[in-house]
Amino acid sequence: MMVYADNAATTCVSKTALDAMLPYLTTCYGNPSSLYSFAQEAKEALEEARETVAKLIGAASAREIYFTSGGSEADNQAICSAAWSGAKKGKKHLISTKFEHHAVLHTLDKLKKEGFEVTLLDVHEDGVVRVEDVAAAIREDTALVTVMFANNEIGTVQPIREIGALCREKGIPFHTDAVQAIGHMPVHVQEMNIDMLSLSGHKFHAPKGVGVLYARRGMLLSNIIEGGAQERGKRGGTENIPGIVALAAALKESVEHMEENTAKIIPMRDKLFAELSKIPHSKINGSLEHHVPGTVNMCFEGIEGESLLLLLDAHGVCASSGSACTSGSLDPSHVLLALGLPHEIAHGSLRLSLGEYNTMEEVDHIIEVVPKVVSYLRNMSPIWEDLETGKKPHLI
Ligand SMILES: *Cc1c(COP(=O)(O)O)cnc(C)c1O
């Protein structure tokens, strides 16, 4: 049995998305910038996709939707644009949080080298950023607040509407990386006071390599990629029409089926939490109250996340220890450290992220395998022996 439980890393392309994109790979392959009528079909598909995405995220106009190569590019462009346009007015302070995706954190690092000052807010133990903390960090020279909608490792959801309202009141641009929220929970940019938002197709059953930057009318965008006049001059490069068409179709499908998907995923997630919590010296990471449906993140004391993943793989379970981008490095997750977990505990983390294609049988397989693998690793571990013989105190 192969169980794919890493939907926060990427998802399969849905049949709907695949069917929608195929004609743009085979018969309708024109370049939307060309003038002949054959290419106009591609142009029309592009603009229809833009309309669809605008409606689905509650944008006022399709002109506010810019297609990118993915979530990372959208994050880069949103953050650099706000920073650079702030700098022109003497505003060189940026606010974000410690548990953002690296697409955000590394962009902020780059801007620091350009002379920007960055405040990274602490995340509370429940994995939720407090509006008061954002308010306290705001200064006269703040050019941008960027706070992710839902965290990719622990699944906690942030008070986006309230942070947006605060920024609106103070006249500060507000960006949110909504990659993990879009298609999984209601997102409405106007109602939630969002000025800029990033999303990525491959997290909701569109192909990899396509995403969206929403930028409210009046937001000044700077180019990250120079080239032709595509995307209203803000993003050079021939548009990825098949990907864009698939993204719109997949987003529509996810939004339209959100309630039934959630109703299917929640019982599976809750069963995982309930059963895996029975493992002694384990801990659930992040508040369950403010949470996307599919993500389960737990720590098991005395084991090492990488070994756990390898053994799970051997038992047919695809999981992650945090974000796919940091796996391969031995550093514990920056997200779990931001929650205040000690290094030893953060090392033993497991993220299982479920989607609507998962089944209860698969969940049962995970529940059978994880406790066995955890005991096996603990029995081999000198650290565990120290904990069990009382040489070292248990931390959880
Ligand atoms: C996956 C992810 C990204 C990156 O999106 P890509 O399309 O893979 O570049 C950014 N932010 C979050 C929260 C993500 O989960």
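Treat the numbers as computed from the prediction; the structure is a model and nothing was measured. Whatever order the structure lists ligands and atoms in, that order sets their numbers, starting from 1. The chain is numbered in sequence order, starting from 1.
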### Query
Going by atom types alone, do D177 and S198 pair a side-chain donor with an acceptor below 3.5 Å?
no
### Summary
So the atoms of ligand 1 within less than 4.0 Å of a heavy atom of K203 turn out to be 1 (C), 2 (C), 3 (C), 14 (C), 15 (O)
### Task
Return the residue, atom name and 0.1 Å-rounded distance of the protein heavy atom closest to atom 8 (O) of ligand 1.
H202 NE2, 2.8 Å
### Task
Decide whether an N or O pair under 3.5 Å exists between Q180 and ligand 1.
yes
### Summary
the protein heavy atom lying closest to atom 3 (C) of ligand 1 turns out to be H101 NE2, 3.5 Å
### Query
What is the closest protein heavy atom to atom 6 (P) of ligand 1, and at what distance does it sit?
G71 N, 3.5 Å
### Task
Begin from the C-alpha positions of Y29 and F38 and carry the test ring-ring contact (aromatic ring centres under 6.0 Å, His included) through to its verdict.
CA-CA 9 Å; Y29 53 81; F38 170 62; 5.1 Å; yes
### Message
Is there a polar contact between ligand 1 and D177, counting only N or O atoms under 3.5 Å apart?
### Response
yes
### Query
Does one side chain, of H257 or E356, offer a donor that lies under 3.5 Å from an acceptor on the other?
no
### Query
Can you tell me if S254 and H184 form a side-chain donor-acceptor pair at under 3.5 Å?
no
### Subset of ligand 1 atoms that lie under 4.0 Å from at least one heavy atom of S72
4 (C), 5 (O), 6 (P), 9 (O)
### Message
Using a 4.0 Å cut-off to any heavy atom of M148, which atoms of ligand 1 qualify?
### Response
13 (C)
### Task
Determine whether the side chains of H205 and S14 contain a donor N or O and an acceptor N or O closer than 3.5 Å.
no
### Message
Using side-chain heavy atoms (C-beta onward) and a distance below 4.5 Å, is L120 in contact with V118?
### Response
yes
### Message
Would you say that more than 12 heavy atoms from the other residues, nucleotides or ligands in this model lie under 6.0 Å from the NZ of K170, or not?
### Response
no
### Task
Give the numbers and elements of all ligand 1 atoms closer than 4.0 Å to a heavy atom of S200.
5 (O), 6 (P), 7 (O)
### G70 neighbourhood, listing ligand 1 atoms whose heavy-atom distance to it stays under 4.0 Å
7 (O)
